[in-house]
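See structure below.
In this chain, residues are counted from 1 in sequence order.
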Amino acid sequence: LGSDFEKVIAENPEKYIEIAGQFLKENIRPIYIYHFLSGIKDALRNNKNFDWTPVIGFCHSILVDLKKENLPQPENKHEQDWESIKQSIADLLGNVLGGATKCDIPISLKKPVWEMLVVLCNDPDPTPEYEKERVDEGTFDASTVAINTIRGEAMNAAINYGLWVAKNEPSEANGDNRMPKELEDLLDTHLDTSVDSSLAVRSVYGRRIPNLFYLNRTWLEKKMDVIFPSDTDPNYFVSSFESYLSNQIYDDVFALLKDKYRYATKFLGATPKKGYHSIDLNERLPHHLMAVYVNDVKYDDLIEQFFLNAPIKARAEAISFLGRVALSEVGGFEKKKSEFAKARLLSLWVSRVKALKDIPEAFEELQEFGWWFEKSPFDKRDTILLMLETVESSKGVVDVSYQIVETLENYVADFPTESIKILSCIAHAEKDYEISYKTDSYKNIIRQAKVSGDADTKRLADDLINYLGTKGLLDFRELL
């Protein structure tokens with residue numbers, strides 16, 4: 001019945017919101033209130049328009065005006081309760097205030113909207129016990145807990161409130177300070193760990209850093225060491241910074257956070273990840289640093305520190321990201337920026353191969369350059385010489401080897417010696433079945449190498465054929 005009620009509300013919200021107040025007078029169970037709010041959300045997703053005044057009044061009555069003991073309770077533990085309704089209201093306010101719908105709440109309702117947010121932001125959920133069970137014991141990260149608890153959702157909605165007020169009351173801004181005073185006071189309060197010790201709440205600050213920067217850069221600069229502390233439980237820093245890394249990079253924000261990025265590198269690989277993590281510092285931090293490297297030289301000291309001190313898995317993630325993502329995007333840059341980015345990437349490939357040469361464990365980073373070969377925007381000679389040096393240093397261990405073998409078919413006519421050397425390195429590192437999957441490409445490369453006219457290249461090709469024969473891959477003997 002509740003689901004049917006939800007569909008009716010979604011289809012014709014205007015008809016029912018006017019009588020929403022009757023639900024409370026009639027002592028309707030919370031499950032139906034929950035489905036009413038879900039119907040409102042569905043109506044918004046379907047671009048329905050309606051008068052917000054009765055909806056805000058209804059939600060305000062639930063949160064502010066009514067006492068919990070006067071409210072009807074669920075019939076059983078499987079029905080949604082009033083805690084579910086509070087979280088649903090927080091979610092509704094967060095989405096609408098954040099501009100996710102076309103039916104905006106009018107600014108004339110600012111007072112009751114803020115009063116509701118204050119109540120929700122002071123809700124005990126998540127409790128320390130709830131958070132300990134999920135965050136401390138590794139079931140979820142703090143950011144995931146935040147979007148699944150009342151106070152976490154409400155703090156996110158409160159920041160959206162700030163954006164909503166800034167948009168609708170631009171005359172109230174004081175220079176670059178667009179943050180409403182009531183929001184600033186609330187944010188200050190919840191940064192005090194004696195008032196709110198929640199890691200989930202702290203993760204909200206991290207995730208919303210770009211918005212806080214927009215609302216009041218001066219405030220953010222003053223609070224930077226509180227949001228990302230280095231003198232207290234490190235979980236506060238990790239929770240906020242890991243959540244921040246869900247954002248794209250903004251130049252001004254990155255400049256402000258440069259020292260925090262530097263401090264964050266000490267946590268790479270430091271904590272084993274358990275359970276579900278919506279954002280993983282071990283992945284996203286290398287991604288951010290590489291995106292900055294491609295576009296700017298002024299943070300090279302930070303990049304150098306990363307490659308000098310970061311664990312090999314983090315460095316490998318950085319190289320993999322550049323190959324999988326950055327190289328694909330370089331071609332879409334305007335010419336001057338594209339040439340700059342290509343020069344930076346080529347320089348990095350050269351420097352990393354040089355730095356890792358003759359280091360046995362370096363293959364874990366070197367193998368990620370496999371992603372670079374097919375998408376290489378560099379000169380073909382530079383590309384194949386670097387790929388050869390890479391696989392020789394990694395003893396043939398390389399990611400997406402199948403992709404490299406297929407791409408070598410486009411290189412072997414011009415670079416037969418280098419191509420057969422690369423193929424041989426890969427073959428010596430692969431299992432028989434892995435080579436079998438690429439038999440046609442192997443044969444094509446070997447065949448072209450043998451007819452290149454160079455005696456040394458022909459000898460290398462014959463050596464490879466004989467090696468493959470020792471592995472039981474006798475089909476290749478037809479090429480002798």
Side-chain angles (χ1 to χ4, degrees), residues 311-324 327 348-376 378 380-412 415-450 452 456-480:
I312 196 164
K313 285 187 179 297
R315 303 196 315 262
E317 181 64 35
I319 299 303
S320 174
F321 169 78
L322 289 173
R324 290 181 292 105
L327 284 176
L348 181 65
W349 195 353
V350 171
S351 66
R352 293 314 297 160
V353 172
K354 181 179 179 180
L356 297 170
K357 199 167 187 176
D358 302 324
I359 299 177
E361 65 273 18
F363 77 88
E364 191 169 351
E365 179 182 342
L366 287 169
Q367 69 180 2
E368 298 301 334
F369 282 107
W371 290 99
W372 292 44
F373 192 53
E374 182 192 38
K375 299 174 183 177
S376 171
F378 316 127
K380 288 187 76 172
R381 176 170 291 278
D382 288 337
T383 299
I384 198 156
L385 290 176
L386 275 168
M387 196 71 250
L388 175 57
E389 194 172 356
T390 300
V391 295
E392 286 178 341
S393 295
S394 70
K395 303 295 187 290
V397 178
V398 64
D399 262 15
V400 290
S401 60
Y402 69 91
Q403 203 175 83
I404 295 173
V405 172
E406 290 173 359
T407 306
L408 280 173
E409 294 183 78
N410 301 324
Y411 279 80
V412 65
F415 306 98
T417 305
E418 293 83 358
S419 296
I420 201 68
K421 284 181 176 180
I422 291 171
L423 188 65
S424 182
C425 281
I426 291 173
H428 278 76
E430 293 205 309
K431 295 180 173 60
D432 301 357
Y433 70 86
E434 293 174 313
I435 297 172
S436 297
Y437 292 152
K438 302 183 283 284
T439 297
D440 289 344
S441 293
Y442 264 74
K443 286 184 175 181
N444 185 27
I445 296 164
I446 293 171
R447 189 179 292 113
Q448 290 193 61
K450 282 175 65 67
S452 67
D456 286 340
T457 302
K458 181 179 182 301
R459 177 181 55 78
L460 290 169
D462 287 341
D463 288 347
L464 177 55
I465 294 170
N466 289 325
Y467 170 75
L468 294 172
T470 66
K471 294 173 74 70
L473 300 169
L474 303 179
D475 284 356
F476 290 94
R477 298 186 68 83
E478 68 185 36
L479 300 177
L480 284 171

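- Between F373 and T390, the closest side-chain pair of non-hydrogen atoms is not below 4.5 Å.
- A donor-acceptor pair is defined here as one N or O able to donate and one able to accept, closer than 3.5 Å; no such pair exists between the side chain of S320 and the backbone of A316.
- Once rounded to the nearest 0.5 Å, the distance linking CG of D382 with CD1 of I384 reads 11.5 Å.
- Looking at W349 and M387, their side chains come closer than 4.5 Å, going by heavy atoms from C-beta outward.
- A donor-acceptor pair is defined here as one N or O able to donate and one able to accept, closer than 3.5 Å; no such pair exists between the side chain of K380 and the backbone of F415.
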Next on the checklist: Let's go through D462 and R459 carefully: what are the C-alpha distance in whole Å and the side-chain angles of both, what is the deciding distance for side chain to side chain contact (heavy atoms under 4.5 Å, CB included) to 0.1 Å, and is it a yes or a no?
Outcome noted: CA-CA 5 Å; D462 287 341; R459 177 181 55 78; 5.7 Å; no
Checklist entry - Do I446 and V412 pass the side chain to side chain contact (heavy atoms under 4.5 Å, CB included) test, and can you show the C-alpha distance, the side-chain angles, and the key distance before you say yes or no? => result CA-CA 9 Å; I446 293 171; V412 65; over 6 Å; no
Please list every donor-acceptor pair under 3.5 Å in which a side-chain atom of residues 467-480 meets a protein atom from a residue at least two apart or in another chain.
from: T470; atom 1: OG1; to: Y467; atom 2: O; distance (Å): 2.5
from: K471; atom 1: NZ; to: D432; atom 2: OD1; distance (Å): 3.1
from: E478; atom 1: OE2; to: K443; atom 2: NZ; distance (Å): 3.4

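- Here the shortest heavy-atom pairing between V405 and S441 reads CG1-CB, 3.6 Å.
- Across all non-hydrogen atoms, the minimal contact from S393 to K357 is OG-CG, 3.9 Å.
- In this structure, E374 and E406 have side chains that are not in contact, with every pair of non-hydrogen atoms separated by 4.5 Å or more.
- A donor-acceptor pair under 3.5 Å is absent between the side-chain atoms of S419 and the main chain of P416, judged by distance alone.
- Atom CD of Q448 sits about 8.0 Å away from atom CD1 of I445, to the nearest 0.5 Å.
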List the atom pairs, with distances to 0.1 Å, where a side-chain N or O of residues 420-429 and a protein N or O form a donor-acceptor pair under 3.5 Å, not counting sequence neighbours.
from: H428; atom 1: ND1; to: S424; atom 2: O; distance (Å): 2.8

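- A salt bridge is defined here as a Lys NZ or Arg NE, NH1 or NH2 lying under 4.0 Å from an Asp or Glu carboxylate O, and K313 with E364 meets this definition.
- Rounded to the nearest 0.5 Å, atoms CG (D463) and NZ (K458) are 10.0 Å apart.
- The structure places CZ of F369 at 5.5 Å from CG of L348, a figure rounded to the nearest 0.5 Å.
- Between S394 and Q367, the side chains place no donor N or O within less than 3.5 Å of an acceptor N or O (distance only, hydrogens not considered).
- Between L322 and W372 there is a side-chain heavy-atom pair separated by less than 4.5 Å.
- Residues E434 and S401 have side chains that never bring a donor and an acceptor to within less than 3.5 angstrom of each other.
- Not one N or O on the side chain of W371 forms a donor-acceptor pair closer than 3.5 Å with the backbone of L327.
- When all heavy atoms of I319 and R352 are compared, the closest pair comes out as CD1-CG, 4.5 Å.
- The distance from atom CZ of R315 to atom CG of L366, rounded to the nearest 0.5 Å, is 9.5 Å.
- Taken to the nearest 0.5 Å, the OG1 atom of T407 stands 10.5 Å off from the NZ atom of K375.
- A salt bridge links E317 to R324: at least one charged side-chain nitrogen sits closer than 4.0 Å to a carboxylate oxygen.
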